[in-house]
Colleague: 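Below you will find the structure I want to go over with you.
Within every chain, numbering begins at 1; the chains are lettered A, B, ... in the order of the sequence lines, protein sequences first and strands thereafter.
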Number of protein chains: 2
Amino acid sequence: VERALERGLVDEASSDLSCLNGCGLVLLALPLNQLVEPKAALLQALPPEALVLDTGSVKQPVLAAWQPQLPRFVGCHPMAGTAEAGVEAGVAGLFQGRPWVITPSGQESTADLEMARALGQDLGSTVLECDPAEHDRAVAFISHMPVLVSAALLQSAAAAEPQGLLQALASSGFADTTRIGGGNPELGSLMARCNREAVQQALAAYSKALHHLAEQVEGQDWTGLQQALASAQAVRP
Amino acid sequence: VERALERGLVDEASSDLSCLNGCGLVLLALPLNQLVEPKAALLQALPPEALVLDTGSVKQPVLAAWQPQLPRFVGCHPMAGTAEAGVEAGVAGLFQGRPWVITPSGQESTADLEMARALGQDLGSTVLECDPAEHDRAVAFISHMPVLVSAALLQSAAAAEPQGLLQALASSGFADTTRIGGGNPELGSLMARCNREAVQQALAAYSKALHHLAEQVEGQDWTGLQQALASAQAVRP
């Protein structure tokens, strides 16, 4: 708290929930499990007249947990961040040019949605709006499932021999491919837990694609493999 | 050729094989397929008294193709390079601090191995020496198989809906994980072809690791998943 004040990140800081009294806009930047399973004390401390936004990377279970309790809750997913955590990781312009996703369930007022959009715009983000279920499916494919794909690569390489040689030869390509798999394990597990069905569907689609490539290797279909790799190259954003 | 001379990359350049006449040291920097299946004209043009090194990323089939033909062939894998290709991609210091792997089969003279090492050292590389089969297994795990893992991710994400949203939300994590899968398709296919058995073994080990993570998601074993991700994080080089 002192350090956040010192760095000028905040004007006021407190871990006392009574500080929420009289707030008109609350942005819940909490670990995903506390968004999916809200603490009773926090629910009670939030003024019912406040507009409340969250920052969770999964939206359906968050909306299901909060909207019945808070009439002005709007689901929000600002997609910015670094590999760092903690108060020292706060940097100016973090949200600049990054997606700021709003996921209306249909219960929100147009005025509240407009305020959620305006907040993202003021931070320089690119504001997007989509259905909560579509959001969860999309992040399963581009974020949650890839964590597992990348982690499995680390695990299989770590079990291979000779280990010393593998480590000596691992290059920037391997480092890139394993970056997200070597990230925060609690977050990786939470994302899979809170978005389980979409992650399972994404894993099934992924396994099928990998299995097809493995079959091409086994069947020595090098023309087919090269075509498949060319199609992968073509779709890389 | 003119451009290479112009850039000062070479003192002389020619596509006429007769330029090999009288050469004492030849470094074969050729596409992998031309290293695995040497062209007869090249084999004939190489002076039998020359020390010949290659740069292929697979070593057993290259050694099998060249050593019976050339008494002084030494297998070599300088692990440097960029995503760029062609004469404009040549940069000073490319090999600085990068692995320069020599893979003796046992047929080489100590003097020739020493010369191959000295070349790597002169370029500022870290010279390593290992068995050709061990080399091929190691690169299968840290380079060749990961290309397929990464390509499958691109393919499965490209087939998911809604595609526009996926592309809008794909962030640096997705870009990192799919970088090598979106690389040169001809090279990716060639690496799998020339190192098929090791790539198949690596794919089998990888699929097993991913399957285990998928089982944890399906079985909702979140403690186990978090532990698995923590172990992955711990082994990341």
Colleague: Measure the spacing between CH2 of A:Trp222 and CD of A:Gln216 and express it to the nearest 0.5 Å.
Modeller: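 Going from CH2 on A:Trp222 over to CD on A:Gln216, the span is 9.5 Å.
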
Colleague: Can you tell which part of B:His211 gets under 4.5 Å to a heavy atom of chain A, answering side chain, backbone, both or neither?
Modeller: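 Contact with chain A involves no heavy atom of B:His211 at all.
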
Colleague: Pick one of side chain, backbone, both or neither for B:Ser207, based on which atoms fall under 4.5 Å of a heavy atom in chain A.
Modeller: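 Side chain of B:Ser207 only, per the 4.5 Å heavy-atom cut-off to chain A.
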
Colleague: Can you check whether A:Met79 reaches A:Trp100 side chain to side chain, under 4.5 Å on heavy atoms?
Modeller: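 Of all side-chain heavy-atom pairs linking A:Trp100 with A:Met79, none is under 4.5 Å.
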
Colleague: Verify side-chain contact (heavy atoms from CB on, under 4.5 Å) between A:Gln67 and A:Ser105, making sure each step is shown before the conclusion.
Modeller: CA-CA 9 Å; A:Gln67 278 196 332; A:Ser105 69; 2.6 Å; yes

Colleague: Between A:Arg137 and chain B, which part of the residue has a heavy atom less than 4.5 Å away: side chain, backbone, both or neither?
Modeller: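 Side chain of A:Arg137 only, per the 4.5 Å heavy-atom cut-off to chain B.
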
Colleague: CD/A:Glu215 to CG/A:Leu225 distance, rounded to the nearest 0.5 angstrom?
Modeller: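 Here the interatomic distance stands at 12.0 Å.
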
Colleague: Does any donor atom in the side chain of A:Gln96 or A:Ser125 lie under 3.5 Å from an acceptor atom in the other side chain?
Modeller: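 There is no such pair between these side chains.
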
Colleague: At a 4.5 Å cut-off on heavy atoms, which part of A:Gln163 comes close to chain B: side chain, backbone, both, or neither?
Modeller: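 Nothing of A:Gln163, per the 4.5 Å heavy-atom cut-off to chain B.
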
Colleague: I'd like to know if the side chain of B:Gln201 pairs up with that of B:Glu197 as donor and acceptor (distance under 3.5 Å, no hydrogens or angles considered).
Modeller: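 B:Gln201 vs B:Glu197: no donor-acceptor pair found between side chains.
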
Colleague: Is A:Asp54 close to A:Leu30 at the side-chain level, that is, under 4.5 Å between some pair of heavy atoms?
Modeller: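 A:Leu30 vs A:Asp54: side chains apart.
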
Colleague: Should the pair A:His135 and A:His77 be assigned to parallel (<30°), tilted (30 to 60°) or perpendicular (>60°) ring geometry?
Modeller: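 If you compare the ring of A:His135 with that of A:His77, the planes turn out perpendicular.
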
Colleague: For chain A, which of B:Ser171, B:Ala204, B:Pro162, B:Ala214 has the most heavy-atom pairs under 4.5 Å?
Modeller: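 Answer, by heavy-atom pair count under 4.5 Å with chain A: B:Pro162.
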
Colleague: Indicate whether the side chain of A:Gln200 and that of A:Arg196 have a donor and an acceptor atom separated by less than 3.5 Å.
Modeller: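 There is such a pair between these side chains.
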
Colleague: Heavy-atom distances under 4.5 Å only: say whether A:Leu153 touches chain B with side chain, backbone, both or neither.
Modeller: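 Both the backbone and the side chain of A:Leu153 come within 4.5 Å of chain B.
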
Colleague: Would you mind checking which part of B:Leu148 comes under 4.5 Å of any heavy atom in chain A, side chain (CB onward), backbone (N, CA, C, O), both or neither?
Modeller: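 It is both, since atoms from each part get that close.
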
Colleague: At their closest point, which heavy atom of A:Val149 faces which heavy atom of B:Tyr206, and how far apart are they?
Modeller: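 What the structure gives for the nearest pair is O-OH, 2.7 Å.
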
Colleague: Using heavy-atom distances under 4.5 Å, tell me whether A:Ser143 contacts chain B through its side chain, its backbone, both, or neither.
Modeller: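 Answer is neither: A:Ser143 stays 4.5 Å or more from chain B.
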
Colleague: A:Ala158, A:Ala168, A:Ala192, A:Ser231: which one forms the most heavy-atom pairs within less than 4.5 Å of chain B?
Modeller: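 Heavy-atom pair counts peak at A:Ala192.
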
Colleague: With chain A as the partner, which of B:Leu203, B:Leu165, B:Val235 has the greatest number of non-hydrogen pairs under 4.5 Å?
Modeller: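 Looking at each option in turn, the highest pair count goes to B:Leu165.
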
Colleague: Under the side chain to side chain contact (heavy atoms under 4.5 Å, CB included) rule, collect the residues that match up with B:Ala140, sequence neighbours excluded.
Modeller: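 Counting only residues at least two positions away or on another chain, B:Ala140 forms a side chain to side chain contact (heavy atoms under 4.5 Å, CB included) with B:Asn195, B:Ala198, B:Val199, B:Ala202.
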
Colleague: Under a 4.5 Å heavy-atom cut-off, does chain A meet the side chain of B:Leu210, its backbone, both or neither?
Modeller: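 Both parts, backbone and side chain.
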
Colleague: Give the member of A:Glu218, A:Gln220, A:Gln227, A:Met145 that has the highest number of heavy-atom pairs under 4.5 Å with chain B.
Modeller: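 Top option by heavy-atom pairs under 4.5 Å: A:Gln220.
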
Colleague: Are B:Thr103 and B:Glu134 packed together at the side-chain level, in the sense that at least one heavy-atom pair is separated by less than 4.5 angstrom?
Modeller: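 Sidechains of B:Glu134 and B:Thr103: no contact.
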
Colleague: What residues of residues 173-190 of chain A sit under 4.5 Å from chain B when only non-hydrogen atoms are counted?
Modeller: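 Against chain B, the residues of residues 173-190 of chain A that fall inside the cut-off (heavy atoms, under 4.5 Å) are A:Gly173, A:Phe174, A:Ala175, A:Asp176, A:Thr177, A:Thr178, A:Arg179, A:Ile180, A:Gly181, A:Gly182, A:Gly183, A:Asn184, A:Pro185, A:Glu186, A:Gly188, A:Ser189.
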
Colleague: Counting heavy-atom pairs under 4.5 Å with chain A, which one of B:Ala157, B:Ala234, B:Pro146, B:Ala205 comes out on top?
Modeller: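 Winner by heavy-atom pair count: B:Pro146.
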
